[in-house]
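Note sheet for the following structure.
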There are 2 protein chains.
Amino acid sequence: MSDSPKSTIPTRASGAPLYAQVRNTLVGRLVKGVWAPGDALPSEFELAAELGVSQGTVRKALDSLAADNLVVRRQGSGTFVAEHDESRILFQFFRLAPDTGEPTFPESRLVSLRTGPAQPEEARVFSVTEGVDVFRIHRVRSLSGRGVIAERIILLASMFPGLDGAKSPNNLYGLYAHRYGVTVARAHERLKAIGLPEEEALLLDSDPGTPALLIDRVAYGLDGSVVEWRVAHCLTDEFHYATDLK
Amino acid sequence: MSDSPKSTIPTRASGAPLYAQVRNTLVGRLVKGVWAPGDALPSEFELAAELGVSQGTVRKALDSLAADNLVVRRQGSGTFVAEHDESRILFQFFRLAPDTGEPTFPESRLVSLRTGPAQPEEARVFSVTEGVDVFRIHRVRSLSGRGVIAERIILLASMFPGLDGAKSPNNLYGLYAHRYGVTVARAHERLKAIGLPEEEALLLDSDPGTPALLIDRVAYGLDGSVVEWRVAHCLTDEFHYATDLK
DNA sequence: CAGTGGTCTAGACCACGAC
DNA sequence: TCGTGGTCTAGACCACTGT
């Protein structure tokens, strides 16, 4: 029996499934900023034709991006690049809620914004050499009009040039996305209970040693690089950190 | 042109998509215990033939169950009912990890197991009337040989008859599943930082008032009912609560 | 009404696991 | 070698959105 050429279609070039390759291609375009947050992507048929795969394969790639909150799909309308608006932040990246009542987005008050050389621990988190310039933002966030979060944010100056001249908005992830084209895709948090340090106690109008929730968050971009390091001290007498396990 | 009968197949009886109906059917069978944890489900083709839908529709339902960790799919082998073994618990329901080193499953020491009438707050959590019988389990859990978690567990006696005569195993969710056919499918946790109460301080060999992580967990079964209420006090000087946001 | 994503089907081939 | 799930395709129809 002679072997007939079975495949004239672009079969698995590398080891990865086609839909994964399509996904990677699309993520690469998101990283490059080919489409801005809020923009519509080409339709499934257009992408399929351009990439030389079937519509079903493009669909599987887009569904996977939607599952990771990188795009939003709207029936009858199209597929859109996800935006870091307050409602998404509240849903995806802000887990502190009042014990009674609906979650609300906190207001921020800037305490300080300084530039300096990266200390050893900072260099380790960002995988850079010691001494490169970093921004250090210090701010207090309020829920229901009461200051309950004191947080310190570390950023690479090279990733956010000119940031120290900007005002510190309430929604930093929206600023990263719209002004710098840097999208926070996911984050890892480590929580501890500690006694409130003196400096944070002053900012939160509390006594040093008050039990507080320490939240240590490292945020990652679309390409997997570390975008931000954030350490927050939270008072949890009227609030709690909520999470779902499934 | 005459209108020909387009659909001879079992189209959307109700408003829900077919694959969602298939999923609900399969979840119903899991609740009834048609297949036990670890059992293989029928193949996609068999389920498709039995339910009168295509293999692709069954596949979409099974993929959705796998995404919720209710079944495990193994290429070349089959689709199996998920088990509450220690590795799954560690991955899915246990978020406390040592600051340095790999996460490990904690050991448990039973402090007490008593029966009593449900107090108002307990009745509210379980949506039952006050006074129905509940079990109250109190135990201390150790990581790396050190007691770091003191937890109180509330269960409905009607859901776990005879539990008070059983030994309290390390892995309670495995006991619920194998002995009572009750599967914990998901849980909701609320975290706070508090000063360690006197009773927990004694159990954990610490001073009262030490900052501790309070974890309040409500666990839900496959059918959405409340299975367990668990309140834990955790020392986090050498451990942390880890979670991913995405 | 045209265009989009959502659902459903049918059939092919591939990769893996058990026997 | 056979049966399983995994991938990929192709085409039909449905449901929704905007014009």
Side-chain angles (χ1 to χ4, degrees), chain A residues 1 3-26 35 38-67 69-82, chain B residues 1 3-26 35 38-67 69-82:
Chain A
M1 188 187 299
D3 50 349
S4 55
K6 295 285 177 59
S7 53
T8 59
I9 43 169
T11 38
R12 308 255 273 265
S14 67
L18 257 188
Y19 69 83
Q21 299 178 41
V22 171
R23 186 197 145 109
N24 289 339
T25 300
L26 297 176
W35 307 295
D39 283 0
L41 270 63
S43 74
E44 297 179 350
F45 278 109
E46 290 177 286
L47 287 172
E50 184 209 342
L51 301 175
V53 299
S54 78
Q55 186 211 10
T57 299
V58 170
R59 161 153 301 180
K60 196 159 180 180
L62 288 174
D63 282 346
S64 138
L65 293 178
N69 297 305
L70 300 185
V71 302
V72 176
R73 315 199 73 182
R74 301 195 199 111
Q75 183 176 166
S77 179
T79 302
F80 301 83
V81 181
Chain B
M1 189 189 297
D3 50 348
S4 55
K6 294 286 175 58
S7 53
T8 59
I9 44 170
T11 38
R12 308 256 274 266
S14 66
L18 258 187
Y19 70 82
Q21 299 178 40
V22 171
R23 185 196 146 110
N24 288 340
T25 300
L26 297 176
W35 307 297
D39 282 0
L41 271 62
S43 75
E44 297 180 350
F45 278 109
E46 290 177 287
L47 287 171
E50 184 209 342
L51 300 174
V53 299
S54 79
Q55 186 211 10
T57 299
V58 170
R59 161 154 301 179
K60 196 159 180 179
L62 288 175
D63 283 344
S64 138
L65 293 178
N69 297 305
L70 300 184
V71 302
V72 175
R73 315 199 72 181
R74 300 195 200 112
Q75 183 176 161
S77 180
T79 303
F80 302 83
V81 181

Grab the [atom1]-[atom2] distance between [X] and [N] for me, whole Å please.
{"X": "Gln55(A)", "N": "dT9(C)", "atom1": "CD", "atom2": "C1'", "result": "14 Å"}
{"X": "Tyr19(A)", "N": "dG6(D)", "atom1": "OH", "atom2": "C1'", "result": "8 Å"}
{"X": "Arg74(B)", "N": "dG5(D)", "atom1": "CZ", "atom2": "C1'", "result": "12 Å"}
{"X": "Gln75(B)", "N": "dC16(C)", "atom1": "CD", "atom2": "C1'", "result": "5 Å"}
{"X": "Arg59(A)", "N": "dA10(D)", "atom1": "CZ", "atom2": "P", "result": "15 Å"}
{"X": "Leu18(A)", "N": "dC13(C)", "atom1": "CG", "atom2": "C1'", "result": "13 Å"}
{"X": "Lys60(A)", "N": "dG6(C)", "atom1": "NZ", "atom2": "P", "result": "16 Å"}
{"X": "Glu46(A)", "N": "dG5(C)", "atom1": "CD", "atom2": "P", "result": "9 Å"}

Side chain to side chain, [X] and [Y], heavy atoms closer than 4.5 Å:
{"X": "Arg23(A)", "Y": "Leu70(A)", "result": "yes"}
{"X": "Leu62(B)", "Y": "Leu41(B)", "result": "yes"}
{"X": "Glu50(B)", "Y": "Thr25(B)", "result": "no"}
{"X": "Arg73(B)", "Y": "Leu65(B)", "result": "no"}

| task | Name the closest nucleotide to the Thr79(A) side chain, picking from dG5(C), dT9(C), dC8(D). | result |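 The answer is dG5(C).
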
| query | Can you tell which of dC8(C), dG6(D), dT9(D) lies closest to the side chain of Pro17(B)? | reply |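 Out of dC8(C), dG6(D), dT9(D), the nucleotide with an atom closest to Pro17(B)'s side chain is dC8(C).
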
| query | Does a nitrogen or oxygen in the side chain of Arg73(B) sit under 4.0 Å from OP1 or OP2 of dG6(D)? | reply |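 For dG6(D), OP1 or OP2 has a side-chain N or O of Arg73(B) closer than 4.0 Å.
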
| query | Does the side chain of Ser54(A) get closer than 4.0 angstrom to OP1 or OP2 of dA10(D) through an N or O atom? | reply |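 So the side-chain polar atoms of Ser54(A) never come under 4.0 Å of the phosphate oxygens OP1 or OP2 of dA10(D).
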
| said: Which is more 5' along DNA chain D, the nucleotide nearest Pro42(B) or the one nearest Ser77(A)? Just name the residue. | reply: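 Going by which nucleotide is closer to the 5' end, it is Pro42(B).
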
| query | Considering heavy-atom distances to DNA chain D, does Gly76(A) or Ala20(A) have its closest nucleotide positioned more toward the 5' end? | reply |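 Whichever sits nearer the 5' end wins; that is Ala20(A).
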
| field | Closest non-hydrogen atom pair between Trp35(A) and Leu26(A), with its separation | value |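 Distance-wise, the nearest heavy atoms are CH2-CD2, 3.9 Å.
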
